[in-house]
Each structure stands twice: as C-alpha cells, then as structure tokens.
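In what follows, a structure is listed as structure tokens, so that the remarks can point back to it.
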Amino acid sequence: MKVTEKMAIINKLGLHLRAAAELVKVANKFKSHIMIHHGIQNINAKSLMGIMTLAAAKGTEIEFVADGEDAKDAIAALRQLLANKFGEKE
Amino acid sequence: MKKISVESFFQQAKERLRLTPLSDEGMANRYIVSVDINRMGMALTGYLKWFAYERLQILGKTEVHFLQTLEPAQRKKILKTLLSHRLPCIVVTHKMKPPADLVSEARKQHIPLFTTPTPTTKFVSEISVYLEEEFAPETTIHGTLLDVYGVGILILGHSGIGKSECALDLVERGHRLVADDLVYIKRLANRILMGSRSEIIKHHMEIRGLGIINIESLFGVGAIRDKKRIELVIRLEEWDNKKEYDRLGLTPATHKIFDTEIPMFVIPVRPGRNLAVIIEVAAMNNRLMKLGYFTAQEFADRVGRMMTEEQTRQNSLKPKGKN
C-alpha cells in the first residue's frame with residue numbers, strides 16, 4: 001500500500017537536528033519504506049543525515065510517501081509528530 | 001524546465017569565464033533557459049527568421065567589425081530591433097570593444113552585456129562545458145559514495161543494513177569518503193554520472209550508537225573527496241538462504257541511474273563477513289577488467305583449455321586403430 005501526504009513544519013526552529021532525530025525515530029518504528037520529497041530531493045525518512053539536508057525551516061511543506069503494509073499508520077504517526085511540533089513547546 | 005538567472009550565472013562564472021560587465025541592468029530578471037548558445041552573425045544583417053534570441057548571445061570579432069562597417073543610423077536601427085527581443089544576455093568575446101550604441105541600447109533595454117578577453121571559439125567551448133554542467137539532470141539517492149583505489153563505488157541498501165559502518169571501515173583502511181547517506185548525482189555529457197555531497201552534511205556521518213562524527217576532522221583531508229564519478233554499485237542485502245547469489249561473476253548485473261547502466265554486485269550481509277575487504281576486491285577487480293583482464297572469463301577459458309588438453313592426452317593413450 002502506498003500513502004502520500006503533504007505536511008507543513010510548524011514548530012519555531014524547523015527541522016533542526018533534535019527534531020530530525022525524533023522524526024527518524026518515529027519512521028524507524030514502521031516496516032514501510034518512507035520517503036520525503038522536497039524539490040529535487042528524495043530522502044529516506046529513516047536516515048538522519050538525509051533529513052538534515054532538507055534544512056526545512058518553519059512553514060516548509062514536505063511530502064511524505066510511505067510504501068508498505070503499515071503505510072497508513074506510519075503517515076498518521078508522522079502527521080501527529082509534526083502537529084505536536086516534535087514535542088517542543090513552540 | 002530549469003532556468004538560471006543571468007545574475008547567478010555571472011556571480012558563479014565571472015572568474016572561470018573571465019567576464020566583465022558593461023551593462024548589468026536587468027540581470028536579476030533575465031534567464032538562461034538552454035545549454036545552446038547563439039552567435040549573432042546573420043541576425044546583424046537583418047535576417048531574423050531563425051534568430052534564436054532565447055539563447056545566450058555571442059558577438060565575436062567578425063560581428064563587432066561588421067557592426068563598425070555599418071552606417072551609424074542603420075546600426076542603431078538594427079541593434080534596436082535585435083535588442084527588443086527577449087535575450088538573456090550578450091557576451092562580446094576576443095577583447096573586442098563593442099560600439100558605443102550597442103552599450104547604450106543594452107542599458108536602455110535592460111539587457112546584460114559582458115566582455116571577455118577569451119577568443120570566440122575557445123569561449124564557446126568553455127561556456128558550453130559550463131552550461132552543460134549547470135543544466136545537467138540532477139537527482140539524489142539514498143546511499144554512500146566512496147573512492148576505493150580510484151574507483152567510485154556507490155553503496156546502496158536499506159536503512160540500517162550497515163552502509164555507513166562499511167564506509168567507516170573503508171575510510172579507516174585509507175579510502176576516501178565522498179558522501180554518506182545522501183548522494184547528489186549529476187549526469188554529465190557522455191552519460192557520466194558524477195556523485196557529490198550535500199553542502200549541509202559535508203563529510204559528517206551518523207554511526208548508530210556513536211552519533212554524528214566528522215570524517216574530515218577525524219581522519220584528515222586525505223580521507224575525503226568532493227566529487228567522484230560513479231563506476232560501480234554495491235548493493236547490500238540481508239542474507240537470504242533461498243536466494244541465488246552470483247557465484248561466477250561472468251555476467252554482472254547493472255543498476256540504472258538516469259539512462260546509464262552501471263555494473264552492480266549484490267553482496268549478502270551476514271555477521272562476520274568482512275564487507276570492506278569484499279568491496280576493496282570488487283574495486284580492484286573492476287580495475288583489472290578495465291585493463292582488459294576479465295577474471296571470471298579467463299578462469300572459464302582456462303578450465304576449458306585444460307579439459308581439451310586432458311581429452312587429447314587420453315585420446316593419444318588409446319591404442320591406434322581401435323577407435
């Protein structure tokens with residue numbers, strides 16, 4: 001199963017190192033192959049360094065593509081993580 | 001389609017192409033949209049049917065001399081018509097001094113105008129190489145790129161299979177890291193695939209359990225490279241007992257990036273298998289092949305030759321006439 005969803009980064013600091021680590025942690029809980037598309041970049045959501053290259057600031061929209069049996073759950077978990085500002089206050 | 005603003009073209013290429021601006025009006029909103037260039041030539045005579053105005057325009061020695069032979073009124077009229085097209089910019093080559101009305105018309109119509117001391121033919125070849133690189137199709141791939149004995153090896157495989165650990169092992173053995181985790185790939189002329197790293201990551205690596213390390217500061221400048229042509233792909237896979245792995249190496253598989261096929265080896269991973277050594281050997285074997293020595297084929301031929309020899313020997317031992 002393939003699920004695609006565009007999500008916005010809404011926390012103040014954007015996708016900084018700690019936030020990226022949280023994202024990788026969540027992505028790694030799922031069996032699905034998860035990619036992030038942004039511009040020409042296709043990045044594996046399970047790879048920390050790849051995500052750092054996005055340098056996605058607050059307000060950036062990135063597209064997640066999950067492919068696998070638990071794709072739906074993976075996208076839902078990522079959506080929640082981004083909406084919760086990666087557990088940060090602002 | 002990709003477009004480059006004349007401003008960023010000028011900032012990036014001014015030293016390499018030795019450009020000096022004569023009119024820099026309108027640089028920010030003029031765009032180069034193609035790798036092709038146009039020598040103004042015939043257009044200056046007023047023949048505009050095939051005037052490729054959307055390309056970067058070049059005025060060489062001939063064109064400038066021709067403009068000088070024209071009556072001032074006629075020259076003005078032609079320049080006005082030509083420059084009213086949506087040109088990206090004009091480069092006057094060969095140290096030529098362009099007529100004053102060209103400079104003033106360019107300023108008036110906001111068309112960037114540059115000069116270069118480089119002779120026309122040389123300039124055309126230099127700028128073509130530059131534009132080819134700029135307009136080369138580009139992509140990113142999840143993997144690790146290293147220079148092993150001069151062979152550019154791209155390691156692919158699922159997250160967590162051990163690409164970074166393997167790369168670290170190779171760097172420790174004196175090979176060079178180009179990019180870890182995310183490799184930028186450009187397809188240059190002749191289908192060459194050039195891999196490079198991200199400006200943000202540089203030569204940092206993430207090793208599970210250790211965190212982020214910097215290869216350049218740990219191992220020195222000798223352990224890194226900025227870019228390297230990709231010549232071989234190694235795909236790491238979890239060992240699967242049911243899968244048939246290549247036992248001979250007679251027909252290497254390939255991996256396709258853009259439309260270039262690169263030889264690929266699929267290497268099964270299992271604890272205790274020293275991947276760095278296997279990759280080193282793959283690199284050396286690749287070099288042997290380039291030198292014209294195809295190990296697997298030579299071995300097959302040798303076995304074949306020995307079998308024929310053995311057959312002949314046995315035949316000669318048989319008593320004659322009793323065949």
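So that the names make sense, note that chain A is the first sequence line, chain B the second, and so on, each numbered from 1. Reckoned from all heavy atoms, side chains included, excluding hydrogens, waters and symmetry mates.
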Can you tell me how far apart CD1 (A:I43) and CD1 (B:I141) are? Round to the nearest 0.5 Å.
12.5 Å
Is there any residue in residues 53-68 of chain A with a non-hydrogen atom under 4.5 Å from a non-hydrogen atom of chain B, and which ones are they?
A:T53, A:A55
Rounded to the nearest 0.5 Å, the CE atom of A:M52 sits from the CD1 atom of B:I212 at a distance of 7.0 Å
Just wondering, more than 12 heavy atoms not from A:K12 lying within 6.0 Å of its NZ?
no
Counting only heavy atoms not in A:H16, do more than 12 sit closer than 6.0 Å to its NE2 atom?
yes
What's the spacing between B:S159 OG and A:H33 NE2 if we round to 0.5 Å?
8.5 Å
Once rounded to the nearest 0.5 Å, what's the spacing between atom CG of A:L48 and atom CG of B:L182?
12.0 Å
Ignoring hydrogens and angles, tell me if any N or O in the side chain of B:D181 forms a donor-acceptor pair with the backbone of A:M49 under 3.5 Å.
yes
Sole residue of B:K163, B:H142, B:E206 in side chain to side chain contact (heavy atoms under 4.5 Å, CB included) with A:S47:
B:H142
In terms of heavy-atom contacts, does CD of B:E216 have more than 12 from other residues, nucleotides or ligands at under 6.0 Å?
yes
Using a 6.0 Å cut-off, check whether atom NZ of A:K31 has over 12 heavy atoms from anything other than its own residue.
no
So what's closer than 4.5 Å to chain A heavy atoms on B:R197: side chain, backbone, both or neither?
neither
